[in-house]
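Below you'll find the structure, written out as structure tokens, and then a few comments.
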Amino acid sequence: MKSKKEQYIQKYSLADIFDKTIKMIKHTWKDSIILSVVGFIPYAIAMGAGLFFYIDAIIHIIANAKDIYGSHNFTWENFSPLLFAMGLMLLAALIFAFAALFISACISLKTYKKAGGKDVGFKENALYILKNKFGKLLLQGLLLIAITIGLYVAFFIAVFIIGLISLLVFKSYALYITFVIFLGLALLGVQVWLFIALSFSAHAVIIDDKSITGGLVRSFQLVQGNWWRVLGYNLLLGIVLSFAVSLATFPIIMIFLLPIYIRIFESILNGSGGDIDFPTIFKALRFIYIPLALSSFVQAIGYMLVTPVFKTLFYIDLKYRKGEFATPQETEKIKA
Amino acid sequence: MNKKIKLNGSFEASDKNPVIGAFFLICICGGIYFLIPAFMLNIYIVVDALTSYRIDTFAGKDYFDILAQYYNSIKIPALLVTGIAQYSILFGLSLFLIKKWHTKQIKEYFYYNRFSLPGVIVGIASAFVIIPVVEFISYWSYLLFPILEKMQKATSGLFTAYNTFEMILLLFVIGVTPAFCEEFLFRGYFQRTLQRKLKTPWHFIISGSIFALFHFQLLSLPALIVIGIYLGFLYYVFRSIYVTIAAHFLYNSTLIILYNSDPGENFFFTAAGDFQLPVVGLAFLAFTGLIVFCILFLRRNKPVQKAV
């Protein structure tokens with residue numbers, strides 16, 4: 001009879017990885033739900049409040065629209081609510097990033113331990129990640145953002161130089177635009193390539209105790225030779241999850257959206273001869289924060305339930321393909 | 001004679017659960033089915049708007065007139081894209097994955113090799129009987145929110161045929177294509193796979209509900225759930241995909257024909273085009289009668305629960 005360890009430490013086909021992901025979720029779902037509820041409720045509240053105040057600020061600006069273009073009416077009072085709303089949305093994005101990073105790390109470690117046949121407690125696991133890994137993961141995340149920004153800076157410098165050459169030497173806008181399009185496509189290509197090549201950086205830190213930069217190198221090494229497979233599996237996971245989550249959430253979301261739509265249609269109908277009553281539409285939209293916050297909350301839970309497990313099993317698969325589980329010491333290492 | 005089907009796909013290994021494969025396949029095909037056609041149609045809409053729309057076309061018009069004009073203008077491309085997507089993704093892609101993940105014996109697995117005459121007769125009768133029932137169930141939304149009726153009329157351009165070509169296209173894309181492709185995916189594959197692992201009635205309740213959710217239409221959701229579960233029930237009772245293909249095809253086609261005809265006030269319809277209440281009552285009775293007949297038929301020809 002096969003042991004639990006042998007069930008998970010293996011090479012995965014597409015069918016294997018889908019099947020094993022669902023089987024592994026049976027062991028991790030409680031942790032995922034508890035952590036997601038704790039982490040994503042503040043996110044949903046901040047995002048919902050941000051949306052509410054954002055639309056409120058737009059209504060305020062529309063109400064004062066006549067004065068905005070006056071010489072002395074471009075005032076702080078008109079725009080400060082908008083900035084406040086944007087600040088709230090930025091806060092929501094930060095909470096989301098922190099929560100997603102922490103939850104992914106906890107579930108990934110739990111999955112890896114379980115794959116090796118070892119159970120870890122919820123509290124023990126979360127505390128270990130918080131004390132030993134979370135700081136590193138945050139710094140690694142910042143490094144990845146810095147790399148992306150670096151790419152964009154390089155892109156804009158290249159665009160500027162090519163612009164200068166095209167306009168000053170060749171005096172051609174067409175040449176300039178052609179180069180910008182090609183550079184844009186190249187930037188997109190490089191971004192996708194990097195995103196896939198570095199997609200296991202966090203796993204390397206969590207599972208293999210790598211340093212911040214060591215994690216990037218490790219991910220790069222593992223993905224090498226499997227780049228298209230990693231891209232394909234990630235795309236499929238994205239399609240499956242987005243469809244499954246939207247299938248599950250759409251009735252709840254639409255029930256909340258229906259009264260808003262109806263108010264919008266009514267205000268459109270009340271406008272005569274094509275005149276649409278925009279303030280009324282925005283007033284109706286003010287309550288859109290409820291379905292949107294709810295939907296993003298449920299979506300976040302759905303993604304956290306599946307993605308870390310799937311990616312950890314994929315990490316095991318990549319390690320297996322590189323021959324890292326060939327020795328008994330390596331398999332024992334997971335146990336420990 | 002009941003020949004054993006060779007299940008040798010990657011989701012049929014002893015350590016795997018084919019139901020997990022079925023759920024993933026539905027999500028992969030569903031995700032791609034909604035993603036690619038929407039992308040293609042949006043490109044068409046943007047290009048069309050940039051090349052042919054003029055602002056003064058809309059000047060002074062009611063919003064709903066503009067909406068109706070818009071839906072009418074995208075009708076042909078929308079129908080073509082939907083038809084192509086159904087055949088290529090819901091049928092083609094799923095067939096490819098089913099052969100890889102489960103079996104190459106599609107005919108036997110999907111019950112394409114069984115033709116049940118009583119089943120097809122019940123399927124045909126069901127299509128006509130269920131229309132007033134479903135219309136009655138859908139009517140609640142208009143009673144609660146009258147404005148939605150106006151909205152629905154604005155979007156009716158998508159289902160209105162102005163000439164013979166458009167009528168043929170509508171009947172093909174909305175009548176024939178879903179009957180073939182959706183029945184292939186939801187009854188032939190999804191429900192059939194669930195039937196192997198889940199107890200009755202859960203396989204047809206789950207597959208019927210997911211079929212309903214798959215349409216992403218909130219107001220028609222209760223009616224679609226009824227249709228989905230009923231089609232699943234017919235498939236389970238008669239173990240022939242031709243039953244549900246016949247029912248689905250006739251149901252959709254009859255709706256298109258009714259939509260494009262004006263029968264006037266008579267025994268069946270009110271002046272507003274809705275079904276008369278006695279007709280709805282009779283349809284409910286007939287629907288109940290069909291269900292009772294199916295249960296009796298099932299008792300006499302009980303399928304083996306776990307048989308592949």
Side-chain angles (χ1 to χ4, degrees), chain A residues 1-2 4 6-8 10 12-26 232-233 235-259 261-277 281 302 306 310, chain B residues 9-36 55-67 97 100-102 141 144-151 154 209-219 221-222 224-225:
Chain A
M1 208 179 113
K2 282 183 174 181
K4 276 188 178 179
E6 282 167 332
Q7 276 179 354
Y8 289 103
Q10 62 175 71
Y12 288 110
S13 67
L14 187 64
D16 288 326
I17 202 161
F18 280 154
D19 187 74
K20 292 283 193 275
T21 299
I22 299 300
K23 283 171 183 164
M24 181 58 90
I25 287 171
K26 285 177 191 164
Y233 280 24
L235 273 178
L236 274 183
L237 179 72
I239 289 170
V240 165
L241 271 183
S242 57
F243 184 72
V245 168
S246 59
L247 212 59
T249 54
F250 115 92
I252 312 163
I253 309 307
M254 287 306 291
I255 284 168
F256 281 100
L257 276 177
L258 197 62
Y261 279 147
I262 285 164
R263 278 193 68 187
I264 291 171
F265 293 144
E266 276 167 351
S267 52
I268 288 169
L269 260 187
N270 291 338
S272 58
D275 293 331
I276 293 170
D277 184 6
I281 290 173
V306 182
F310 181 90
Chain B
S10 45
F11 260 107
E12 297 296 340
S14 58
D15 64 331
K16 291 198 186 65
N17 186 348
V19 172
I20 294 177
F23 273 99
F24 272 106
L25 194 143
I26 288 284
C27 288
I28 289 174
C29 292
I32 296 174
Y33 174 69
F34 282 101
L35 196 74
I36 294 179
I55 296 296
D56 59 353
T57 319
F58 300 142
K61 276 193 177 173
D62 183 88
Y63 171 74
F64 288 90
D65 290 339
I66 298 169
L67 204 63
L97 290 175
K100 283 238 164 212
W101 287 1
H102 300 277
S141 55
L144 284 176
F145 312 107
I147 197 158
L148 290 172
E149 196 160 7
K150 195 160 183 181
M151 187 69 195
S209 305
I210 288 180
F211 167 80
L213 284 170
F214 198 86
H215 287 76
F216 285 100
Q217 291 171 8
L218 178 75
L219 298 175
L221 191 62
L224 281 165
I225 288 175

Part of [X] lying under 4.5 Å from any heavy atom of chain A:
| X | value |
| --- | --- |
| B:Leu97 | neither |
| B:Phe214 | both |
| B:Ile28 | both |

- Task: Measure A:Leu241 against the heavy atoms of chain B and call it side chain, backbone, both or neither at under 4.5 Å.
- Result: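 Contact with chain B involves no heavy atom of A:Leu241 at all.
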
- Which atoms of A:Ser246 approach chain B - backbone, side chain, both or neither, heavy atom under 4.5 Å: both

- Query: Salt bridge check: are B:Asp15 and A:Lys20 linked by an N-O gap of less than 4.0 Å?
  - Reply: yes

- Aromatic contact, A:Phe243 with B:Tyr33 (centres under 6.0 Å): no

- Sorted by chain and residue number, the ring pair (Phe, Tyr, Trp, His ring centres under 6.0 Å) partners of A:Phe310 (sequence neighbours excluded) come out as none

- Note on the structure: Residue set satisfying ring pair (Phe, Tyr, Trp, His ring centres under 6.0 Å) with A:Tyr12, at least two apart, ordered chain then number -> none

- Query: How about A:Ile22 and B:Phe24: do any of their side-chain heavy atoms sit closer than 4.5 Å?
  - Reply: yes

